[in-house]
Visitor: 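Pasting in a structure now, in structure tokens, and then I'll have a few things to ask.
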Amino acid sequence: MSALPFVPPSCGQAASDRIEIYSSASLDASVYTCPQHTDEVSLTVMAGGLTPHPVRMPPGTTRCCGHVYVYPTGALGSER
């Protein structure tokens, strides 16, 4: 899978938010962030021409700040 067009912070703290990253018509990736980095990542995503959609982490889900998942079916995942 392709990397994101930016490098998210990876402070290693527990993530409280998941930022879904959309291109024109697809959900391309999710970046997990702590409260300190949610706004920073959202602004970086917008600066890269993508659309961020922050959502709270569902109960029982644990990820560290900076964890990234690129969806293989999204536009970023199909670029190789």
Side-chain angles (χ1 to χ4, degrees):
M1 280 184 265
S2 171
L4 293 174
F6 63 90
V7 177
S10 59
C11 71
Q13 297 296 316
S16 60
D17 299 300
R18 179 182 73 234
I19 301 174
E20 297 172 346
I21 300 174
Y22 292 86
S23 61
S24 60
S26 69
L27 171 60
D28 295 315
S30 290
V31 176
Y32 297 85
T33 61
C34 69
Q36 291 178 301
H37 290 114
T38 299
D39 290 341
E40 175 186 339
V41 170
S42 292
L43 291 171
T44 302
V45 169
M46 287 188 294
L50 300 167
T51 303
H53 180 72
V55 295
R56 298 295 294 170
M57 293 280 286
T61 303
T62 55
R63 299 283 187 279
C64 292
C65 182
H67 179 86
V68 174
Y69 180 78
V70 177
Y71 294 94
T73 55
L76 295 175
S78 63
E79 294 175 0
R80 295 181 188 237

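Keep in mind that this is a model prediction, so the values were computed, not measured.
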Visitor: Would you say Tyr69 and Leu27 are hydrophobically clustered, going by side-chain heavy atoms of ILVMFWY under 4.5 Å?
Guide: yes
Visitor: Enumerate, atom names and distances included, each donor-acceptor pair closer than 3.5 Å involving a side-chain atom of residues 45-54, sequence neighbours excluded.
Guide:
none

Visitor: Show me the donor-acceptor pairs, under 3.5 Å and distance only, between side chains in residues 28-39 and residues at least two apart or in other chains.
Guide:
| from | atom 1 | to | atom 2 | distance (Å) |
| --- | --- | --- | --- | --- |
| Asp28 | OD1 | Ser26 | OG | 2.6 |
| Asp28 | OD1 | Ala75 | N | 2.5 |
| Asp28 | OD2 | Ser23 | N | 2.9 |
| Asp28 | OD2 | Ser23 | OG | 2.7 |
| Ser30 | OG | Tyr71 | OH | 3.0 |
| Thr33 | OG1 | Thr38 | OG1 | 2.8 |
| Thr38 | OG1 | Asp17 | OD2 | 2.8 |
| Thr38 | OG1 | Cys34 | O | 3.1 |

